[in-house]
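As the structure is a computational prediction, the values presented were derived from the model and not from experiment.
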Amino acid sequence: MATARAVRLLQSSSRWRLGRREVPQSRALAALVPGVSQVDNSSDFLGKRPHRRHPGILQLPCVELPQALAAAAQLLLLQSAMPNVEKQVQALTNYLWSRHLPVGPEELQRRAVYLEEKFLENPDLSQSEEKLRETVLRALRKTTYHWQELSYNEKLSLVYMAARLDGGFAAVSRAFREIQARVPEFQPQTLLDFGSGTGSVTWAAHSTWGQSLREYMCVDSSAAMLDLAEKLLKGGSESGEPYVPGVFFRQFLPVSPKVQFDVVVSAFSLSELPSKADRTEVIHTLWRKTSHFLVLVENGTKAGHSLLMDARDLVLKGKEKSPSDPRPGFVFAPCPHELPCPQLTASKPLACSFSQAYHSIPFSWNKKNLKEEKFSMVILARGSPEEANRWPRITQPVLKRPRHVHCHLCCPDGHMQHAVITAHRHGRDLYRCARVSSWGDLLPVITPSESELPPSPAKDPPGS
């Protein structure tokens with residue numbers, strides 16, 4: 001039977017009242033319940049390896065670019081003799097990180113109607129219809145984010161390479177690690193990279209599945225970017241032997257609906273599309289071309305996370321079926337559920353992001369060798385959710401304190417939980433697993449069902 005202290009903890013942290021046994025039907029129980037939750041040892045990992053290597057650990061050690069890629073990037077930048085490279089790199093980095101999504105026509109119309117009503121409410125601003133329209137348009141220009149499409153010519157492509165090659169490689173490597181660690185038997189043979197840019201996805205995929213991958217299809221609308229990616233593969237020259245064999249470059253997606261790829265990737269590319277309609281069309285196309293996994297990666301900002309959640313919902317709610325592949329989709333990572341993202345529905349929405357350490361390319365301006373790439377991702381898979389572990393995801397850095405650990409978890413019931421884990425309340429194994437886990441890992445616990453709740457404590461009679 002649960003102690004009174006444990007019951008009070010449940011009542012305050014899990015939003016349901018054990019005393020009355022009132023559990024809303026729309027949600028399951030929280031992931032961690034003292035005295036009930038236990039380590040999911042179905043793979044018998046406790047008998048085979050230490051807690052520090054439990055199956056939920058997915059964080060990569062500090063990522064380092066392949067030496068051939070780093071050397072080619074340095075050589076190409078040196079040959080360009082571009083002035084003020086450091087300033088251009090910093091300016092582009094800041095711009096890409098602070099970039100918002102373009103405002104759609106429906107949102108613009110809504111804002112215009114709102115501003116017009118506000119101006120009409122003010123009797124001191126009595127004006128003609130034409131003057132009112134000009135006032136509204138002026139206010140819209142001041143308050144609306146002016147999104148601009150970037151045209152990647154040869155110069156800007158080089159600046160982008162210097163700014164984003166290593167960080168992009170680190171983020172995609174972490175996303176691929178999620179698949180490799182959880183489905184080690186998966187050996188893809190084909191990969192499609194939409195918005196391939198400098199080709200960091202190809203290099204990351206080769207580092208992860210180089211033994212099995214036979215075809216890499218790189219698609220980018222910029223011919224300059226494709227040329228740069230090909231030079232990087234050939235050691236910085238136009239005539240060398242490519243470091244990764246089987247790479248093909250093109251400016252348009254394959255037309256045939258029957259052509260599918262084992263892994264389809266879009267890394268930092270959906271945010272480059274000019275409208276929501278364009279993103280919708282691209283996401284549907286990419287999903288149709290997905291045979292096993294669709295990997296989407298964006299900046300770890302509210303804009304990047306919101307964009308990925310829109311893409312996630314499009315795939316999950318999409319009614320169109322591929323004629324060659326009618327299998328449904330489910331969220332493989334990072335969400336342990338297909339419910340609305342609790343980070344977005346919170347009173348103060350937060351970006352669901354992750355961090356990956358990496359060694360930066362030793363350009364002259366890179367004073368710090370070790371850096372962190374903050375990114376958001378979503379990995380969608382074909383099949384059934386029962387095929388994946390539904391363990392809670394750690395969404396913030398783990399706070400380790402004497403004899404207890406603070407973990408912020410996204411739970412399979414679609415809610416967030418701030419769990420304070422101790423060996424006394426949750427058991428030694430679960431406590432040790434939590435203590436060695438990191439931001440982005442999965443916590444291997446069995447989610448309790450309502451029938452596994454501690455018995456309801458007896459109420460004292462009134463006046464006792």
- [ ] To the nearest 0.5 angstrom, please state how far the CD atom of Q38 sits from the NE2 atom of H426.
- [x]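 Those atoms lie 12.5 Å apart.
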
TODO: Please confirm whether Y160 and Y152 have ring centers closer than 6.0 angstrom.
DONE: yes

Open item on the list: Under the side-chain contact (heavy atoms from CB on, under 4.5 Å) test against S360, which residue among K371, K367, K368 passes?
Closed with: K371

Task: Short side-chain to backbone donor-acceptor contact, S207 and W203, under 3.5 Å - done: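 Yes, because the side chain of S207 sits within donor-acceptor range (under 3.5 Å) of the backbone of W203.
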
- [ ] Look at the side chain of K289 and the backbone N and O of P254, then say whether any donor-acceptor pair between them is shorter than 3.5 Å.
- [x] yes

Task: Test log, rule side-chain hydrogen bond (donor to acceptor under 3.5 Å, both in side chains), inputs E215 and T190 - done: CA-CA 5 Å; E215 178 186 350; T190 57; 5.7 Å; no

Between [Y] and [X], is the closest basic N to carboxylate O distance under 4.0 Å?
X: E238; Y: K234; result: no
X: R99; Y: E272; result: yes
X: R393; Y: E178; result: yes
X: R390; Y: E338; result: yes

Does a sphere of radius 6.0 Å around [atom1] in [X] hold more than 12 heavy atoms from other residues, nucleotides or ligands, not counting ones at 6.0 Å or beyond?
X: K400; atom1: NZ; result: yes
X: R250; atom1: CZ; result: yes
X: E154; atom1: CD; result: no

Open item on the list: Just to verify, what does H406 make a ring-ring contact (aromatic ring centres under 6.0 Å, His included) with, not counting sequence neighbours?
Closed with: H404, H418

- [ ] Quick one: list whatever passes ring-ring contact (aromatic ring centres under 6.0 Å, His included) with F249, sequence neighbours left out.
- [x]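 Once residues adjacent in sequence are excluded, F249 has no partner under the ring-ring contact (aromatic ring centres under 6.0 Å, His included) criterion.
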
Task: Closest non-hydrogen atom pair between F363 and A73, with its separation - done: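 Scanning both residues, the minimum pair turns out to be CE2-O, 4.2 Å.
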
- [ ] List the atom of A205, the atom of L191, and the distance in Å for their closest heavy-atom pair.
- [x] CB-CD1, 3.6 Å

TODO: Using the ring of F375 (Phe, Tyr or Trp, six-membered ring only), decide whether R174 places NZ or CZ under 6.0 Å from its centre and within 45 degrees of its axis.
DONE: no

Open item on the list: Is the ring pair F332/F293 parallel, tilted or perpendicular, if the boundaries are 30 and 60 degrees?
Closed with: perpendicular

- [ ] Would you sort out whether Q88 and M82 count as a side-chain contact (heavy atoms from CB on, under 4.5 Å), showing the intermediate values?
- [x] CA-CA 10 Å; Q88 295 182 64; M82 193 186 305; 3.9 Å; yes

Open item on the list: Applying salt bridge (charged side-chain N to carboxylate O under 4.0 Å, His left out), can you list everything that pairs with E64, at least two apart in sequence or on another chain?
Closed with: none

